[in-house]
Amino acid sequence: MYKTRLVKVGPYTLGTGHPVRVQSMCNTDTRDAQTTAAQINLLENAGCEINRVAVPDMQAAQAIGEIKKRIHSPLVADIHFDYKLALEAVKQGVDKVRINPGNIGSIENTKEVVRACKDRGVAIRIGVNAGSVKYLKSVSGQVELTDEKWAEVMVQEALEQANVLEQLNFHDVVVSLKSDNFYRTLKANELFASQSDIPLHIGLTEAGSFLSGTVKSAIALGTLLQKGIGATIRVSLTEDPRMQVRAAYEILKALGLREYGPNLISCPTCGRTQVNVKDTVHALEERIYNDKALLQKATGLKIAVMGCVVNGPGEARDADFGIAGGVGEGLYFEKGQTMFKLPQEKWVDFLIDKINTWKK
């Protein structure tokens, strides 16, 4: 098991012995503080614990103060090249800065950023993406790198960047090593974790659409998390950022690392099915995951929606409660015990009421 130092980001402590925190990133124009804050509010309601915004110019950096007034979660400023944007973001109250010492100019620039972050208790994340590693750019088209070598140069760059901050006696550092390639991401994070106690923010970059991206991310991030690697997690999907949050929690929930919402089990349906299981499950998820109070009440419950009595309540006997379908109706059961029949049109409302009144 890997052991890391502890780093504070807002109210959260990242690192060994603390929960893996869920992150996302806004896709709004940060200069529009009202719209950006509104999206963060939605992400917070979905359970997102740390949010990141792009800071491409000074106007965006100056908007951070107004955004911070309207949100409740720690905010990360994503900055490239211009150290003055980092200084302004820190002045405006950001909680973490994503910036690489090696691409903001002279060591004096880095010293200014470090001094500002120290004064305000702001952490720094060093982000190394496979496509932007300096060594790979220098040998582009000249050599064919193995995934192992690719991981090695990513780690080397991350350690070099981190060492710049260490030499300035700055230790509130988080590192990310990301690729769109599962094996490179896995190897890079494992190698870094074996050489440094800096906490890792893990993710598979440019993962893709909801289905393919979630599958790839679940395999890569699940493998790392099972090895104790990862202090924060982001699932990078080409979707509404709230779906990134949902996917991240489902990965953590499947691994037994975090609880978030119910364990909703349902059968894939077959020729015996004479009720609409899919619509029932979708309706339940829609209502649960868009109601913060209901989501909290549902967290930890195991709820079953089964297509016929063959698959439930027998196969779902360890569910807290559920429905097993028949012909336009279903058998309601609790802890494997059949209670009574219920018409399908009442299933969703009944199960929602049961969540609200269930005593855990």
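Positions are given from 1, in the same order as the sequence printed here.
- The side-chain heavy atoms of I198 and E166, taken from C-beta on, include a pair separated by under 4.5 Å.
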Apply side chain to side chain donor-acceptor pair (under 3.5 Å) to Q161 and E157, showing your working. CA-CA 6 Å; Q161 300 283 330; E157 183 162 316; 4.6 Å; no
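- Taking the centre of each ring, F350 and Y332 come in below the 6.0 Å mark.
- Defined by atom type and a distance below 3.5 Å, a donor-acceptor pair is present between the side-chain atoms of Q156 and E160.
- With a 6.0 Å radius and a threshold of 12 heavy atoms from other residues, nucleotides or ligands, K118 has its NZ atom above the threshold.
- Salt-bridge formation is not detected for the pair K187/D147: no Lys NZ or Arg NE/NH1/NH2 atom is positioned less than 4.0 Å from an Asp or Glu carboxylate oxygen.
- A salt bridge is absent between E112 and R115: the closest approach of a Lys/Arg side-chain nitrogen to an acidic carboxylate oxygen does not fall below 4.0 angstrom.
- Relative to the ring axis of Y289, R246 places its NZ or CZ within 45° and under 6.0 Å from the centre.
- Inter-residue side-chain proximity for L159 and V155 is flagged as met; some heavy-atom pair is nearer than 4.5 Å.
- By the 4.0 Å N-to-carboxylate-O rule, D82 lies too far from K84 to be salt-bridged with it.
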Would you please test D180 and T205 for side chain to side chain donor-acceptor pair (under 3.5 Å) and show each step? CA-CA 5 Å; D180 61 0; T205 194; over 6 Å; no
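- Remark: K253 does not engage E259 in a salt bridge, criterion side-chain N to carboxylate O under 4.0 Å.
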Run the side chain to side chain donor-acceptor pair (under 3.5 Å) check on S212 and S209 step by step: do they pass? CA-CA 6 Å; S212 62; S209 62; 3.3 Å; yes
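- A salt bridge does not link K292 with E44: every distance from a Lys NZ or Arg NE/NH1/NH2 to an Asp or Glu carboxylate oxygen is 4.0 Å or more.
- Checked by atom type and distance alone, the side chain of S24 never pairs as donor or acceptor with a backbone atom of N51 at under 3.5 Å.
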Is there a side chain to side chain donor-acceptor pair (under 3.5 Å) between Q23 and R52? Walk through the geometry before answering. CA-CA 8 Å; Q23 295 193 202; R52 180 159 52 115; over 6 Å; no
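- S176 and H201 share no donor-acceptor pair across their side chains, judged by distance under 3.5 Å alone.
- Checked against side chain to side chain donor-acceptor pair (under 3.5 Å), T146 has no partners two or more places apart in sequence or in another chain.
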